[in-house]
Amino acid sequence: MTTHTVDPTQELAAFLRNRRERLDPRDLGLPSRRQARRTPGLRREEVAELAGVSVDYIVRLEQGRGVRPSADVVEALARALRLAPVERAYLFDLAQQRPREAGRPATTAAPSLARLVADLSPLPAMLMNHRYDILAFNREMTRLLLDFDTLPPSQRNAMRLCLRHPEIREFYVDRERVVREGIAHLRAAWAAHPEDRALTDLIAEFISRDEDFARWWAERDIRVNGRGHKIMRHPDAGVITVRFEVLMPLQDPDQRLLIFRAADDESQSALDRLCTR
């Protein structure tokens, strides 16, 4: 299984088929048909009816025959397929109907944001780009996760560490959920940055080297989590539960500020012990 620079037409075709097959006609209140369904999900004619387009148009879209839907058609397809907001944005990216962010992908931290990361102490914080490359971090984050200064810059990628680093692989109690959420973010970033060869190469590396990543990538889940929680199994401090927030600066939209806060008193005590050592 390989990943190439995004071919929007072919990925649009695959994504539409995938989401159509996931839907249960009963959930949409569609009438039952006498003819048995040979495949799961909706029929193409049902999607066409819900979206207000022809069946032939849906066939050409799903076969990747060079059709580029208008913004109105993309919106109609998103409604017909009951797409979540982040999936809708992904569909607009694939159809090349969403304005692209200006500028090149960030590879270094904006100086003011690097200072902000340091000033957020004692809260663990770090700065990443859309690829999960780690651009800046404070002392508390290195005490909690890993001393990133011991790694060459090319290896400072949060997903690579979660997949490949021997310590971080066992760090998250619910590792599958963490990796799946990361993959869902990378797929959204892959569609939003179709010319980013570094991102494409990174995904191809993960697919070739990690069976779980390859299997979950093929499921085409799309998700961007701006907040949530993680449960960590720290070798020195024990189990720590943190809540996280991801913030995107208006002037540097390709940089993402990740901030952790203890979720309970026990976790706060554990963080305090780590950061005062």
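With rounding to the nearest 0.5 angstrom, the CZ atom of F260 is 6.0 Å from the NZ atom of K230. Atom CZ of residue R43 and atom CD of residue E45 lie 6.0 Å apart, to the nearest 0.5 angstrom. Atom CG of D119 is separated from atom OG of S112 by 10.5 Å, given to the nearest 0.5 angstrom. Rounding to the nearest 0.5 Å places CD of Q255 at 7.0 Å from OG1 of T108. Summarising the geometry, atom SG belonging to C275 is positioned 7.0 Å from atom CZ belonging to R143; distances are rounded to the nearest 0.5 Å. The CG atom of L81 sits 7.5 Å away from the CG atom of L91 when rounded to the nearest 0.5 Å.
Remark: side-chain polar atoms of N129 are paired, donor with acceptor, to backbone N or O of A106 under 3.5 angstrom. The backbone N or O of P69 lies less than 3.5 Å from a partner atom in the side chain of Q97, making a donor-acceptor pair. Q10 places no side-chain N or O within donor-acceptor distance of the main-chain N or O of D7, the cut-off being under 3.5 Å. Of the possible donor and acceptor atoms, none in the side chain of R175 sits under 3.5 Å from a partner among the backbone N and O of E170. Side chain of R233 to main chain of V239: no donor-acceptor pair is present (N/O by atom type, distance under 3.5 Å, no hydrogens or angles). In this structure a side-chain-to-backbone donor-acceptor pair under 3.5 Å is missing from R220 to W217. For the pair R88 (side chain) and L83 (backbone), a donor-acceptor distance under 3.5 Å is absent.
Within a 6.0 Å sphere centred on CD of E167, other residues, nucleotides and ligands contribute 12 heavy atoms or fewer. Residue-environment remark: CZ (R227) stays at or below the threshold of 12 foreign heavy atoms within 6.0 Å.
Counting heavy atoms from C-beta outward, R131 and D196 have side chains that approach closer than 4.5 Å. The closest side-chain heavy-atom distance from L247 to R256 is not below 4.5 Å. The shortest distance between side-chain heavy atoms of L135 and M128 does not fall below 4.5 Å. Under the 4.5 Å side-chain criterion, counting only non-hydrogen atoms from C-beta, R180 is in contact with D221. Two residues are said to be in side-chain contact when any heavy atoms from C-beta on lie closer than 4.5 Å; F206 and M159 meet this criterion. By the 4.5 Å heavy-atom criterion applied to side chains, I231 and F171 are not counted as neighbours. V246 has its side chain out of reach of L257: every pair of non-hydrogen atoms, C-beta onward, lies at least 4.5 Å apart. Counting heavy atoms from C-beta outward, N138 and M141 have side chains that approach closer than 4.5 Å.
For the pair V73 and Y57, the tightest heavy-atom approach, listed with the atom from each and the gap, is CG1-CE2, 3.8 Å. Taking each heavy atom of A188 and Y90 in turn, the nearest pair found is CA-CD1, 4.0 Å. Taking all atoms of both residues into account, the shortest heavy-atom contact from L94 to A191 is CD2-CB, 4.0 Å. Considering all non-hydrogen atoms of both residues, A237 and H234 come closest at N-ND1, 3.3 Å. G41 and P25 get closest at one heavy-atom pair: O-CG, 3.8 Å. E140 and S121 get closest at one heavy-atom pair: OE1-OG, 2.7 Å.
Connection of I183 to L163 is established within a shared hydrophobic cluster, with ILVMFWY side chains joined at heavy-atom distances below 4.5 Å, either directly or through further cluster members. At a threshold of 4.5 Å between side-chain heavy atoms, the hydrophobic network of Ile, Leu, Val, Met, Phe, Trp and Tyr places Y172 and M126 in one connected group. In the hydrophobic clustering of this structure, M232 groups with L271; members are Ile, Leu, Val, Met, Phe, Trp, Tyr whose side-chain heavy atoms approach within less than 4.5 Å, directly or through other members. Under the 4.5 Å side-chain heavy-atom criterion for Ile, Leu, Val, Met, Phe, Trp and Tyr, L186 and W216 are members of the same hydrophobic cluster. Transitive grouping of hydrophobic side chains (ILVMFWY, heavy atoms separated by less than 4.5 Å) brings V86 and I203 into a common cluster.
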**CA sep, side-chain torsions, deciding dist, call: L146, H165, side-chain contact (heavy atoms from CB on, under 4.5 Å)** = CA-CA 10 Å; L146 185 70; H165 195 281; 3.8 Å; yes
**Prompt:** Stepwise, does the salt bridge (Lys or Arg N to Asp or Glu O under 4.0 Å) test hold for E211 with R215?
**Reply:** CA-CA 6 Å; E211 292 181 0; R215 184 172 67 257; 5.6 Å; no
**Message:** Please evaluate residues Q268 and D264 with respect to the criterion side chain to side chain donor-acceptor pair (under 3.5 Å), reporting the C-alpha separation (whole Å), side-chain torsions for both, the decisive distance (0.1 Å), and the verdict.
**Reply:** CA-CA 6 Å; Q268 185 63 63; D264 51 57; over 6 Å; no
**Item:** Check against side-chain contact (heavy atoms from CB on, under 4.5 Å), F137 and L127
**Value:** CA-CA 6 Å; F137 45 87; L127 194 68; over 6 Å; no
**Prompt:** Given L161 and L151, is the side-chain contact (heavy atoms from CB on, under 4.5 Å) satisfied, shown in steps?
**Reply:** CA-CA 10 Å; L161 294 174; L151 302 173; 3.7 Å; yes
**Request:** Quick one: do S267 and V242 satisfy side-chain contact (heavy atoms from CB on, under 4.5 Å)? Show the steps, please.
**Result:** CA-CA 7 Å; S267 297; V242 298; 5.8 Å; no
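No option in R19, R17, R44 other than R44 meets the salt bridge (Lys or Arg N to Asp or Glu O under 4.0 Å) test with E62. Exactly one residue among E219, E11, E87 makes a salt bridge (Lys or Arg N to Asp or Glu O under 4.0 Å) with R187. That residue is E11.
Between Y132 and H185, the distance separating the two ring centers is shorter than 6.0 angstrom.
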